[in-house]
Amino acid sequence: MDEISFRIFRFDPSRDAEARYQLYRIRPEPGLTVLSALVNLREEQDGSLAFRASCRSGICGSDAMLINGRARLACKTQVAEAAGDGTVTLEPLRGFPVLKDLVVDQSDFWEKLVRVKPWLIPGPEPAPERERLMRLPAQQFDELSRASDCIFCACCYAECPMEGRHRAYLGPAALVKAYRFEADPRDAGSAERRGALDHPDGVWRCHHVFRCTEACPKEIDAAWAIQQLQRRLAARHLRLKGDA
Amino acid sequence: MGRGFWPWFLQRATAVLLLAFLGAHLWLEHFAAPGRVTTYRRVAARLAHPAFVALDWGLLALVVFHGLNGARTAVLDLGLSPAGERAVTWLAVVLGVGAFLLGVDALAPFLGMRAPIPW
Amino acid sequence: MRPEERDTTLDVGGYRLGMWSFLGQRFTGLLLTFYLFLHLFIIAQVTRAGGPVTFSALARVLERPPYLYLDLGLVAVVLFHAANGVRLILFELNMAARSQGRLFWWLVGPAGLILLLGGAVLLAGVR
C-alpha cells in the first residue's frame, strides 16, 4: 500500500498552551490496525506520543478515540479502511477533558456508571444459610447478555449529542447497564436506582438520535435499552398494569 | 420525581392530540371549501357551532403547551444552572400565558366575549 | 485552540439520519412555536383593532400568492414535524424498535405526497 498520513491531535498540558495537529507518514502493511500503527509510530518516530491501550482485541475498551471524527476502537479499525483519502485523523474522545494527546480523563464516565448501581440488588427475602442460587432461564439470559457486552469504551458518550451539550446527562453506557439490571427478574433494586434514572438528567434526556447505537463497537442497541427504561418508568408513573 | 417524566409525557400526549386538532384546523381553513375565501362572517358563522368552538379552544391550549414545553426542553438540553433552569421554566410559563391570552383575544370578537388584552 | 474549547454541540463528526431528524425536529419545532406567536398576534390585532372589514380584506391577501406559497411552506414544516414525531412516538411505544430508520422515509414520504396534493388543490383554487 502507498504511504499515508496520520494527522494526530497533540496536547501536552505541561508544555502546550494550545492543541495542535502533527503529521506522520507511514507505509502500512496489509491488515494494519490503527492501534498497531500508533504503537509503531511511538516506537519508530515519536516516543512522546500518548495513547491508551491494553488488550489490542476489542475487549478492554481502553483505546477508544475519534478516528476521522467518529468514536471508534483503534484496535478494531483497519488503517486501509480509515485512510480513504490518504489521511487518518486521530483525536481524543469528544466531551472528555484531555490529559495528553489521545488520552482523556474518564472519571466522570465512571462516576455516572456507579450512580446507576450496576450490580444485582437482591430482594428482601432473608439471607440463606448457605449460598443463594440465582439462576436465570436461558432465553432471558440471552436478552440480558447483549447489554452485558459493554466494554466501557465510552464511544457512545463521545457520539451522543446530549452528552456534548449537557454533561450532567447520565449517558448511554450507564443507562445500558441500568437496563441490564432493571430487566433482570432476579433484581429488586428499581427503587434504589430510581433517583438517578427518573430524573431530567436520567432517561428523559435521551431524544433518540441513535448515535450511541451506531457507534457501539459491541453492537449494543443502546438507544433501544434507554427507550425500554423510559417505558418502564412511564408505566410506573401512569400506574399501568402489567409493569414489573 | 416526575420532574423529568411529566414534561416528557405531556409532550407526547399533546402531540398525539395535535395530530387530530391541527389536522382538522388545516383541513377546515384550506380544504373544506377550496377556492372559497375566508371572511370574518364565515368564521363567525362557523364559530356559532359549539364543536368548532371546542376545536379552537382545544387547539389553542394544546399548541401553546406543546410549543413552549418543546422550546423549554430544547433550551434545557444546553445544560443550565438550577437557577437558569427555573428562569427558563418561568419564562415558558409567562410566554405560554401570554400566547393563550393572545388566542383568547383573537377568538373573543367571534364569540361575543370580553377580550382580555386592552390594546 | 485549548482542547476544552472543542465544539461538542454541533461539530460531532458525520451526520446520519438520526442526527438530521433530531436537528430537523428541533428546528421545525422552534420555527412553529415562533410562527404560533405571530399567527395569534396578527389575528388578535386584526379582529380586535381592525374589525371585520380588515379581517376579511387581510384574509383575501393572505390566501393568494405570494403568501400562499409561504403558507404551503408552513404546512411542509408542520407535516415534517408531525411525521417525524409519529416515528419517535412509535419507537417509544416499542412498535418500531428495529425499523425506526426505515419508518422515517415511510412517514415523511407520504407527508411529502400530501403536501404536493394539497398544494395542487390550493393553487388550483386560486383565481
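Throughout, protein chains are lettered first and strands after them, A, B, ... in sequence-line order, and every chain is numbered starting at 1.
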Original post:
Between B:Leu18 and chain C, which part of the residue has a heavy atom less than 4.5 Å away: side chain, backbone, both or neither?
Top reply: neither
**OP:** Indicate the atoms forming the closest heavy-atom contact of B:Ala106 with C:Thr47, along with that distance.
**Re:** O-OG1, 3.5 Å
**OP:** Flag the one option from B:Asp77, B:Val16, B:Thr73 with the top tally of heavy-atom pairs under 4.5 Å to chain C.
**Re:** B:Asp77
**OP:** Side chain from CB out, backbone as N, CA, C, O: work out which of these in B:Leu107 comes under 4.5 Å of a heavy atom of chain C, or both, or neither.
**Re:** neither
Subject >> Contact class of C:Val78 relative to chain B, heavy atoms under 4.5 angstrom >> reply: side chain
**OP:** Measure C:Val46 against the heavy atoms of chain B and call it side chain, backbone, both or neither at under 4.5 Å.
**Re:** neither
Subject >> Spacing of C:Leu36 atom CG and B:Leu68 atom CG [to the nearest 0.5 Å] >> reply: 7.5 Å
Original post:
Which residue out of B:Gly70, B:Ala108, B:Ala99 racks up the most heavy-atom pairs below 4.5 Å with chain C?
Top reply: B:Ala99
Original post:
Within a reach of under 6.0 Å around CZ of B:Arg41, are more than 12 heavy atoms found that belong to other residues, nucleotides or ligands?
Top reply: no
Original post:
Which bit of B:Trp27 is near chain C, if near means a heavy-atom gap under 4.5 Å: side chain, backbone, both or neither?
Top reply: neither
Original post:
Is chain B contacted by the side chain of C:Glu92, its backbone, both, or neither, given a heavy-atom distance below 4.5 Å?
Top reply: side chain
**OP:** Just give me the residue among B:Ala44, B:Gly23, B:Ala74, B:Gly103 that pairs up with chain C most often, heavy atom to heavy atom, under 4.5 Å.
**Re:** B:Ala74
Original post:
Which bit of C:Leu32 is near chain B, if near means a heavy-atom gap under 4.5 Å: side chain, backbone, both or neither?
Top reply: neither
Subject >> Closest-packed option against chain B by number of heavy-atom pairs under 4.5 Å, given C:Gly29, C:Ala57, C:Pro52, C:Gly85 >> reply: C:Pro52
**OP:** Against chain B, label C:Arg26 side chain, backbone, both or neither, depending on which of its atoms sit under 4.5 Å from a heavy atom there.
**Re:** side chain
Original post:
Looking at B:Pro109, B:Ala71, B:Ala15, which has the largest count of heavy-atom pairs under 4.5 Å with chain C?
Top reply: B:Pro109
Subject >> Most chain C-contacting option - heavy-atom pairs closer than 4.5 Å, from B:Val64, B:Thr38, B:Leu22, B:Leu26 >> reply: B:Thr38
Original post:
Quick one: of C:Val53, C:Asp71, C:Val75, C:Val86, who has the most non-hydrogen atom pairs under 4.5 Å with chain B?
Top reply: C:Asp71
